[in-house]
Amino acid sequence: MLKLGVALGGGGAKGIAHIGVLRVLEEARIPIHAIAGTSAGSLVGALYAAGKSSHDLEQMIRRTELRHWLARDKSGMGFFSPDGFRRIIENEIGATTRIEDLRIKYAAVAVEMESQQEAVFNSGLVADAVCASCAFPMLLAPAQIGERHYLDGGLLNPVPFDVVRQLGAECVLAVDLAADEPVFTAHPSLHRHGSLLFRFIFSAEQQKILRVGARAISIMTQAARKLKMQQAPPDLVIYPDVRHIGLIDIDLVDLALQAGERAMRNALPQLQRLLQPTWWQRAKKFWQLK
């Protein structure tokens, strides 16, 4: 069987769908050799690479409220600080856990603000890497690591399938959550009663600003996605249907999980064939890579 690498894309609360994807792979007993993640994908990927099961991740999401993710920003560069993400990562796997010590090869993708270049975190503190990758502009202030500042990796690499191949993956599965333009939040009828904390945090004017920002970023990432697809296409891409889940709708756990599971189950036979190629298919792929 070929070494499987999984690239988990960004999408805020849409990223809960990644847990559903991982659950189906667990049930099929398909081992994962490497994981690369952007934004929400970096968070889910880091915890999974550290040894958390899909069940563990689901329970973590269910007990973590929106207020736990949002920390006060003192820099003036965002509504909130990425430190909420840092606290959650540190509570789950420890403050000193390093990428080099994870059970599965892992990398997180961010954008260095000063140089405007893609930054791949494949070593160092896991919490630093996730905070850098998840710093969604406007909503979260840039993550500061040393003297440098980092923004959400989705700005330049929304689904890092090229990065996971660099980690040694022979077969790359990409999970793309933004095939359709994202919404900032879903229609109120989809939410559980009393879960709309964001309505008390964000004013109507702030919500308008964030919706415009999310749309602008979506437009930019479409070009980045197409370029990466031309340069180093994955072997298989799945698109969980998360169109009706907004970027901060972390209470829509069931909808997101079901979307991820459904997409992965539908693609599972194709993935299994890709992981066990014939001799001729192996030779052909080797020649193409050369």
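What you see is a predicted model, and the numbers here were worked out from it, not measured in a lab. Note that these values count all heavy atoms, side chains included, but never hydrogens, waters or copies made by symmetry.
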Item to check | Check: His18 side chain, Ala40 main-chain N or O, donor-acceptor pair, under 3.5 Å | outcome: no
Checklist outcome for this item: Between Val159 and Ala174, the two heavy atoms sitting closest are CG1-CB, 3.9 Å
Item to check | side-chain contact (heavy atoms from CB on, under 4.5 Å) partner of Ser42, chosen from Pro160, Cys131, Ser133 | outcome: Ser133
Next on the checklist: Under 4.0 Å between a side-chain nitrogen and a carboxylate oxygen: does that hold for Glu170 and Arg165?
Outcome noted: no
Checklist entry - Going by atom types only, do Asn157 and Thr38 share a side-chain donor-acceptor pair under 3.5 Å? => result no
Checklist entry - Side chain of Ser75, backbone of Met77: donor and acceptor closer than 3.5 Å? => result yes
Checklist entry - Would you find a donor on one side and an acceptor on the other, under 3.5 Å apart, between the side chain of Glu118 and the backbone of Val109? => result no
Next on the checklist: So which atom in Ile99 and which in Ala129 form the shortest heavy-atom distance, rounded to 0.1 Å?
Outcome noted: CD1-CB, 3.9 Å
Checklist entry - Looking at CD of Glu26 and OG of Ser53, how far apart are the two atoms once the value is rounded to the nearest 0.5 Å? => result 5.5 Å
Checklist entry - Between Asp73 and Ala141, which heavy-atom pair has the shortest distance, and what is it? => result OD1-CB, 3.3 Å
Next on the checklist: I'd like to check Arg86 versus Asp83 (side-chain heavy atoms, cut-off strictly below 4.5 Å). Are they in contact?
Outcome noted: yes
Checklist entry - Is Val44 close to Leu57 at the side-chain level, that is, under 4.5 Å between some pair of heavy atoms? => result yes
Checklist entry - In the single-linkage hydrophobic clustering (I, L, V, M, F, W, Y; side-chain heavy atoms under 4.5 Å), do Met1 and Leu268 co-cluster? => result yes
Next on the checklist: Please determine whether salt bridge (charged side-chain N to carboxylate O under 4.0 Å, His left out) holds for the pair Arg62 and Asp254, giving the CA-CA distance in whole Å, both sets of side-chain angles, and the decisive distance to 0.1 Å.
Outcome noted: CA-CA 10 Å; Arg62 290 190 184 280; Asp254 293 330; 2.5 Å; yes
Item to check | Under 3.5 Å donor-acceptor, Asp235 side chain and Val172 backbone | outcome: yes
Checklist outcome for this item: In this structure, CG of Leu151 is separated from CG of Leu156 (nearest 0.5 Å) by 9.5 Å
Item to check | Flag side-chain contact, heavy atom, 4.5 Å: Val164 against Val6 | outcome: no
Checklist entry - Can you find a heavy atom in the side chain of Trp69 that is under 4.5 Å from one in the side chain of Ile88? => result yes
Next on the checklist: Counting only heavy atoms not in Arg265 (residues, nucleotides, ligands), do more than 12 fall under 6.0 Å from its CZ?
Outcome noted: yes
Next on the checklist: Looking at Arg87 and Glu92, is there a salt bridge between them, counting it only when a charged N and a carboxylate O are closer than 4.0 Å?
Outcome noted: no
Item to check | Distance in Å, Ile104 CD1 paired with Leu167 CG, rounded so as to fall on 0.5 Å steps | outcome: 11.5 Å
Next on the checklist: Given 3.5 Å as the limit, does a donor-acceptor pair link the side chain of Thr64 with the main chain of Met60, or not?
Outcome noted: yes
Item to check | Cluster overlap Ile32 with Val163, hydrophobic side-chain contacts below 4.5 Å | outcome: no
Checklist entry - Ring centres of Tyr106 and Tyr48 under 6.0 Å apart? => result no
Item to check | All side-chain contact (heavy atoms from CB on, under 4.5 Å) counterparts of Arg98, not counting sequence neighbours | outcome: Glu100, Asp101, Leu125
Item to check | Side chains of Leu25 and Leu271 in contact at under 4.5 Å (non-hydrogen atoms) | outcome: yes
Checklist entry - Under 4.0 Å between a Lys/Arg side-chain N and an Asp/Glu carboxylate O for Asp249 and Lys14? => result no
Next on the checklist: For residues Leu155 and Val120: do they belong to one hydrophobic cluster (side chain heavy atoms under 4.5 Å, members Ile, Leu, Val, Met, Phe, Trp, Tyr)?
Outcome noted: no
Checklist entry - How long is the gap from CG on Leu177 to CZ on Arg243, to the nearest 0.5 Å? => result 13.5 Å
Checklist entry - Which distance, rounded to the nearest 0.5 Å, do you find between the CG of Leu255 and the CD1 of Ile245? => result 5.0 Å
Next on the checklist: How long is the straight-line distance from CE of Met264 back to CZ of Arg23, given to the nearest 0.5 Å?
Outcome noted: 14.5 Å
Next on the checklist: Could you walk me through whether Glu114 and His149 satisfy the side-chain hydrogen bond (donor to acceptor under 3.5 Å, both in side chains) test, starting with their C-alpha distance in whole Å, then the side-chain angles of each, then the deciding distance to 0.1 Å, before giving a yes or no?
Outcome noted: CA-CA 7 Å; Glu114 286 80 9; His149 296 83; 2.8 Å; yes
Checklist entry - Looking at Glu65 and Ile250, what are the two nearest heavy atoms and their distance? => result C-CD1, 3.5 Å
